[in-house]
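Since we're looking at a predicted model, the values are computed, not measured. Throughout, protein chains are lettered first and strands after them, A, B, ... in sequence-line order, and every chain is numbered starting at 1.
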There are 2 protein chains.
Amino acid sequence: MTEKITKLKLIKSGHPSQTTRPQTKYQRVENIIRQRLIENIWKPGDALPSEIQLATELDVSQGTVRKALNDMVAENLLYRRQGLGTFVSQHTERRALFLYFSLAGNNGTRILPESKILNFREKEPSEAEFTKLELMNRDRVIQFQRIRYYEDVPTIFETITLPLEHFPDFGSDSEPPNNLFRFYQSFYGITVAKAEEQLRAVPASHEESNILNVPENSPLLEINRLARMLDGRPVEWRVSHCDTTNYHYIKESG
Amino acid sequence: MTEKITKLKLIKSGHPSQTTRPQTKYQRVENIIRQRLIENIWKPGDALPSEIQLATELDVSQGTVRKALNDMVAENLLYRRQGLGTFVSQHTERRALFLYFSLAGNNGTRILPESKILNFREKEPSEAEFTKLELMNRDRVIQFQRIRYYEDVPTIFETITLPLEHFPDFGSDSEPPNNLFRFYQSFYGITVAKAEEQLRAVPASHEESNILNVPENSPLLEINRLARMLDGRPVEWRVSHCDTTNYHYIKESG
DNA sequence: CAGTGGTCTAGACCACGCG
DNA sequence: GCGTGGTCTAGACCACTGG
């Protein structure tokens with residue numbers, strides 16, 4: 001009994017600043033783990049310490065650690081494999097495909113389409129780019145465009161804008177690969193944690209009609225997506241114009 | 001000790017058929033609750049018995065009931081209000097808006113747009129309708145079309161198809177209201193539990209160009225949505241053609 | 001086999017909503 | 001005050017994985 005009381009005292013006195021703004025233990029555990037992910041102390045693919053080790057280190061019960069980890073698994077930041085451990089999520093092909101790429105063939109199958117870079121430049125951000133990417137100073141941006149092919153048919157025309165700040169020497173070595181998120185993660189230690197998409201129907205421009213081999217002004221699906229890192233800062237703004245004759249965007253709700 | 005052992009024996013012997021295909025207790029609890037929702041024993045808006053009552057009734061611990069309920073809260077079938085209880089989800093305006101209606105103004109605000117019914121008929125299903133709605137016999141279907149307005153501007157043209165089987169006397173009393181899901185729920189006891197959407201860009205037909213007041217062949221966003229009931233059977237097929245000049249479809253991932 | 005996550009229990013105490 | 005869900009603990013046992 002006395003031991004219990006002492007423990008509670010210790011916990012409360014150990015966090016005196018949080019008496020006004022109460023925070024649960026599992027939230028504190030979550031924040032600690034989140035911070036370690038942001039600081040790359042635990043890298044994508046790494047196994048975390050076991051639940052019992054974490055519980056001991058952070059002086060909480062295993063159940064509290066479980067709750068925190070389960071929350072983060074639900075956020076796709078971690079994944080579990082029974083008998084093996086808890087791991088930091090990576091931007092594998094599968095993850096890219098099911099989390100951040102929603103186009104599927106009319107039969108329902110998804111493929112991560114091949115892509116070809118058309119152009120590349122470093123420049124001052126436009127007003128829209130400055131706002132969208134939440135740039136602070138007049139930081140420069142990287143911008144490139146590419147075509148993506150579904151079964152060798154050009155289907156998507158993409159314009160991608162990145163804050164130069166986070167991507168030094170981008171594109172100087174070699175062409176950026178097909179799976180950009182994995183590239184950001186493995187070369188720059190930047191993990192895309194979430195994204196917001198806005199969809200519209202737009203007419204094909206003259207340039208797009210040539211590239212995608214469709215009539216001018218024919219309808220294209222515009223996917224306007226802002227991707228954010230673990231700490232919430234924007235990392236990539238991507239505008240994709242898609243010929244949805246043979247493919248469509250899918251979403252499940254409920 | 002002996003009590004514990006006896007209890008375990010009881011549980012196992014109480015479910016002899018499940019020794020080969022093991023199922024966890026919380027899954028069993030989930031299935032029982034799910035079944036009661038399907039059978040309308042607990043109706044939308046009702047409070048469930050308290051966790052302790054359920055635990056006693058089903059002979060499991062409160063923690064097991066918690067896990068089952070939390071899973072179903074994550075599925076949006078139930079919601080919790082601390083201090084009050086656990087409730088069956090309803091198709092309120094808010095729910096309709098945030099779960100099943102993804103159009104937002106370019107400033108980010110969402111509105112459930114007003115609608116006007118254009119026509120209504122009962123007919124034999126087409127081949128596509130038969131397949132999509134997973135009709136078994138040659139059941140008849142109800143079909144109607146409507147315009148939806150955003151700030152008094154016609155913006156969406158919808159074609160809605162329902163299996164007549166589930167909607168006797170549909171439309172004979174009065175016009176179906178704006179929020180259809182709530183109507184299905186309160187008048188027919190049918191809850192829409194999930195939906196699958198496919199999005200494309202399509203050209204405006206001659207008819208649509210008149211209705212939506214846009215040039216013929218101008219790009220429209222097509223939302224092709226199949227809604228399913230609690231037990232997974234299709235209840236509604238809706239094809240919406242949207243003028244996305246002032247509005248767009250939104251999705252958050254991560 | 002040892003170590004991991006997954007399930008389940010029993011019980012304590014807290015925070016909230018309502019009468 | 002009372003009943004509800006929300007947090008937290010401690011410990012048991014199961015199921016899976018790998019060496």
Novice: Rounding to a whole Å, what distance do you find between B:Asp71:CG and C:dG6:C1'?
Specialist: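 Those two atoms, CG and C1', are 13 Å apart.
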Novice: Establish, with yes or no, whether the OP1 or OP2 oxygen of D:dG6 is under 4.0 angstrom from a side-chain nitrogen or oxygen of A:Lys67.
Specialist: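 For D:dG6, OP1/OP2 do not have a side-chain N/O of A:Lys67 under 4.0 Å.
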Novice: Between A:Phe167 and A:Phe170, what is the ring plane arrangement, given parallel below 30°, perpendicular above 60°, and tilted in between?
Specialist: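 The arrangement is perpendicular - the two ring planes meet at more than 60°.
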Novice: Between C1' on D:dG5 and CG on B:Leu54, what's the gap in Å once rounded to a whole number?
Specialist: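 Going from CG in B:Leu54 over to C1' in D:dG5 covers 13 Å.
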Novice: Does A:Glu236 form a side-chain hydrogen bond (donor to acceptor under 3.5 Å, both in side chains) with A:Tyr184? I'd like the steps, not just the answer.
Specialist: CA-CA 10 Å; A:Glu236 182 203 75; A:Tyr184 302 159; 2.7 Å; yes
Novice: Within the pair B:Thr64 and C:dT9, is there a side-chain N or O less than 4.0 Å away from OP1 or OP2?
Specialist: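 It does, given that an N or O in the side chain of B:Thr64 lies less than 4.0 Å from OP1 or OP2 of C:dT9.
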Novice: So, is A:Tyr26 near the phosphate of D:dC8, with a side-chain N or O under 4.0 Å from OP1 or OP2?
Specialist: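 So the side chain of A:Tyr26 is outside the cut-off, no N or O lying under 4.0 Å from OP1 or OP2 of D:dC8.
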Novice: Excluding sequence neighbours, so at least two apart, what forms side chain to side chain donor-acceptor pair (under 3.5 Å) with A:Arg94?
Specialist: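 Residues passing side chain to side chain donor-acceptor pair (under 3.5 Å) with A:Arg94: none at all.
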Novice: What are the residues of residues 74-86 of chain B, sorted by number, that bring a heavy atom to within less than 4.0 Å of DNA chain C?
Specialist: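 Correct list: B:Gln82, B:Gly83, B:Leu84.
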Novice: Take the protein atom CG of B:Leu69 and the nucleotide atom C1' of D:dG5, then report the distance between them rounded to whole Å.
Specialist: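 Taking atom C1' of D:dG5 as the reference, CG of B:Leu69 is at 10 Å.
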Novice: Closest-nucleotide mapping onto DNA chain D: is A:Val60 or B:Glu51 further toward the 5' terminus? I mean the 5' end.
Specialist: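 Its nucleotide being nearer the 5' end, the pick is B:Glu51.
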Novice: Go through the steps for B:Gln35 and B:Glu39 under the test side-chain hydrogen bond (donor to acceptor under 3.5 Å, both in side chains), then give the verdict.
Specialist: CA-CA 6 Å; B:Gln35 194 55 36; B:Glu39 291 170 4; 3.1 Å; yes
Novice: For A:Phe98, is the CZ atom crowded, meaning more than 12 foreign heavy atoms sit under 6.0 Å from it?
Specialist: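 Counting other residues, nucleotides and ligands, CZ of A:Phe98 exceeds 12 neighbours.
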Novice: Can A:Ile32 and A:Leu58 be said to form a side-chain contact (heavy atoms from CB on, under 4.5 Å), step by step?
Specialist: CA-CA 9 Å; A:Ile32 290 168; A:Leu58 303 174; 4.0 Å; yes
Novice: Tell me: CZ of B:Phe87 to P of D:dG5, nearest whole Å?
Specialist: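 So the CZ-P distance, B:Phe87 to D:dG5, works out to 8 Å.
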Novice: Check the distance between D:dT7's C1' and A:Arg28's CZ and give it to me in whole angstrom.
Specialist: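 Rounded to the whole Å, the gap is 11 Å.
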Novice: Mapping A:Gln62 and A:Gln27 to their closest nucleotides on DNA chain D, which lands nearer the 5' end?
Specialist: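 Its nucleotide being nearer the 5' end, the pick is A:Gln27.
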Novice: Rounded to whole angstroms, how far apart are CG on A:Asp59 and P on D:dC8?
Specialist: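 Nearest whole value for this atom pair: 13 Å.
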Novice: Rounding to a whole Å, what distance do you find between B:Arg66:CZ and C:dT7:P?
Specialist: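 In whole Å, C:dT7 P lies 16 Å from B:Arg66 CZ.
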Novice: Within this structure, what is the CD1-to-C1' distance between B:Ile52 and C:dC13, rounded to whole angstrom?
Specialist: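 Taking CD1 of B:Ile52 and C1' of C:dC13, I get 13 Å after rounding.
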Novice: If the plane angle is over 60° it's perpendicular, under 30° parallel, otherwise tilted; pick one for A:Tyr100 and A:His91.
Specialist: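 Aromatic pair A:Tyr100/A:His91 classed tilted.
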Novice: Apply the side-chain contact (heavy atoms from CB on, under 4.5 Å) test between A:Val65 and each candidate in A:Asn70, A:Thr86, A:Val60; give the one that qualifies.
Specialist: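 Checked A:Asn70, A:Thr86, A:Val60 against A:Val65; only one passes side-chain contact (heavy atoms from CB on, under 4.5 Å): A:Val60.
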Novice: Name every residue in residues 41-49 of chain A that has at least one heavy atom under 4.0 Å from any atom of DNA chain C, in order of residue number, or write none if there are no such residues.
Specialist: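 Those residues: none at all.
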Novice: What's the shortest heavy-atom distance between A:Leu162 and A:Val235, and which atoms?
Specialist: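 Scanning both residues, the minimum pair turns out to be CD2-O, 3.5 Å.
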